[in-house]
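In the text below, chain A, chain B and the rest are named by the order of the sequence lines, each starting its count at 1. Everything quoted here is computed from the prediction, not taken from an experiment.
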2 protein chains.
Amino acid sequence: MPRTGGEERRSTLVEEAIRQFGREGYAGASLDDIARAVGVRKQTLLYYFSSKDALLEACLHAAGIRLAEVIAQALEGKEGYWERAEAVIHAVFGLASEWPEFPMFVREAGRLGPLAFERFADVLDPLRRRAVEFLQSGMDDGQVRKQDPAMLLFTLYTAVVGSLTEASVLNAVVGADKSRASLRRREREVVAFVRAALEPVPDR
Amino acid sequence: MPRTGGEERRSTLVEEAIRQFGREGYAGASLDDIARAVGVRKQTLLYYFSSKDALLEACLHAAGIRLAEVIAQALEGKEGYWERAEAVIHAVFGLASEWPEFPMFVREAGRLGPLAFERFADVLDPLRRRAVEFLQSGMDDGQVRKQDPAMLLFTLYTAVVGSLTEASVLNAVVGADKSRASLRRREREVVAFVRAALEPVPDR
DNA sequence: ATCGCTCTCTACCGTTCGGTAGACAACCCC
DNA sequence: GGGGTTGTCTACCGAACGGTAGAGAGCGAT
């Protein structure tokens, strides 16, 4: 009975679905649970999204847009190579800090196959191209070690996402807690790792 | 009717379960499908493993043992720092090449929470300790850039596993195929990345 | 020959899941 | 104030799932 109105309910459902798809996986999350967490019946959810698959697509699209916004905003006004690279990493870690299930959902999107992942990645394609050009120009300038820029971007992606999603592994290997401080520490570690991997080798 | 005998059937079921848990996720894989893929009824599977959870535990244990074997064998007779590090990466990539769902299953194990992951990681704990000592001694000798060795191991883990499991991402970012050649290329890329990240910085 | 053990099967149960049908209430417009 | 639209609900369905009960086939030992 308490009517919340169309678009707001829609986006609330998508956000909750991203949380649960990320935490439980697509197959493991149920429409009942997602709806209940929003304070609504499953049939109301199905009023907005005609099927579980349609809900997933909406989540993929929304996640892509959200990440693109966050990264684009982080890049505003940044000029230097390291400034820009670190700003992106910092922005992604910030998003993960306030929305821990977000990187989990992104990883789940990759797991669901190329078709699902494209829905997410399509929105990010302009940024992807900018990143590749950025890395390429860094190599041309001698600020970045020469290598395949696309492959390098992929490796950077896995390092960041892995660091944000493999909490169980982190716990087993390092014995880390889940606090904010631990997340910041991981961010510093990733930045240092990436920086070391990018820097050109002066000798040897 | 065709009796295959106890232990062999048991391990066949575990291998198939690892495949399907890795491909579909724990929640997404069904006992019916796993049993059918082995050519047997679900109730036969439940004769060997009293529940889905018990089957998962057997898979986690078996996966841990398998990976420990593969790594230990790869280390035999290797002496140099890079020789040993690269041998481990090469061994893991080799395992992933002949059993693509294996790294997927490992990642799924991490997703299922610390309790599940411990079942897998417990077997690997001696190797984990050796790796940390190895990295620490490398730092003491000046062959590896100084940093927290446990955290470094975690970052290396995410780089390797990510590179082996994020096929959809790789496809979206690089446009890569799934061929053997592509896998070898990724291995070279990971080795180069890790090596660059490990090397001590001579200046700057 | 038969007893007992190992292994695999058919049959079935209760629950949960994604999805459908349709009643009904609130709101807007005229 | 009646009609259409939008949003939320109750009730229900068929399929799939994890798991139980129990029959029976093959086989080795006595």
Side chains of A:Glu69 and A:Gln73: any donor to acceptor distance under 3.5 Å? no

Nearest-angstrom distance from the residue atom CD1 of A:Ile34 to C1' of C:dT16: 15 Å

Do the side chains of B:Arg41 and B:Asp32 get close enough for a salt bridge, i.e. N-O under 4.0 angstrom? no

Parallel, tilted or perpendicular, as decided by the 30° and 60° cut-offs, for the rings of B:Phe105 and B:Phe21: parallel

To the nearest angstrom, how far is A:Leu45 atom CG from C:dC17 atom C1'? 13 Å

Is there a side-chain polar atom (N or O) of A:Thr44 under 4.0 Å from OP1 or OP2 of D:dG7? no

Taken to the nearest whole Å, OH/A:Tyr47 to P/D:dT5 is 11 Å

OP1 or OP2 of D:dT8 versus the side-chain N and O atoms of A:Tyr48: is any pair under 4.0 Å? yes

Does B:Glu98 come within less than 4.0 Å of B:Arg66, counting only side-chain N to carboxylate O? yes

State which of C:dC9, D:dC9, C:dC7 makes the closest approach to the side chain of B:Arg41. C:dC9

Mind checking what makes side-chain contact (heavy atoms from CB on, under 4.5 Å) contact with B:Val194, not counting sequence neighbours? B:Ile89, B:Leu156, B:Val190, B:Leu198

Annotated protein contacts, base or backbone, on nucleotides 13-19 of chain D with a non-hydrogen cut-off under 4.0 Å, one of B, S, - each: ----SBB

Under 4.0 Å: is that the gap between some side-chain N or O of B:Arg9 and OP1 or OP2 of C:dT6? no

Taken to the nearest whole Å, CZ/A:Phe49 to C1'/D:dT6 is 16 Å

Among residues at least two apart in sequence or on other chains, which ones pass ring pair (Phe, Tyr, Trp, His ring centres under 6.0 Å) with B:Tyr47? none

In whole angstrom, give the distance that lies between atom CD of A:Glu7 and atom P of D:dT6. 12 Å

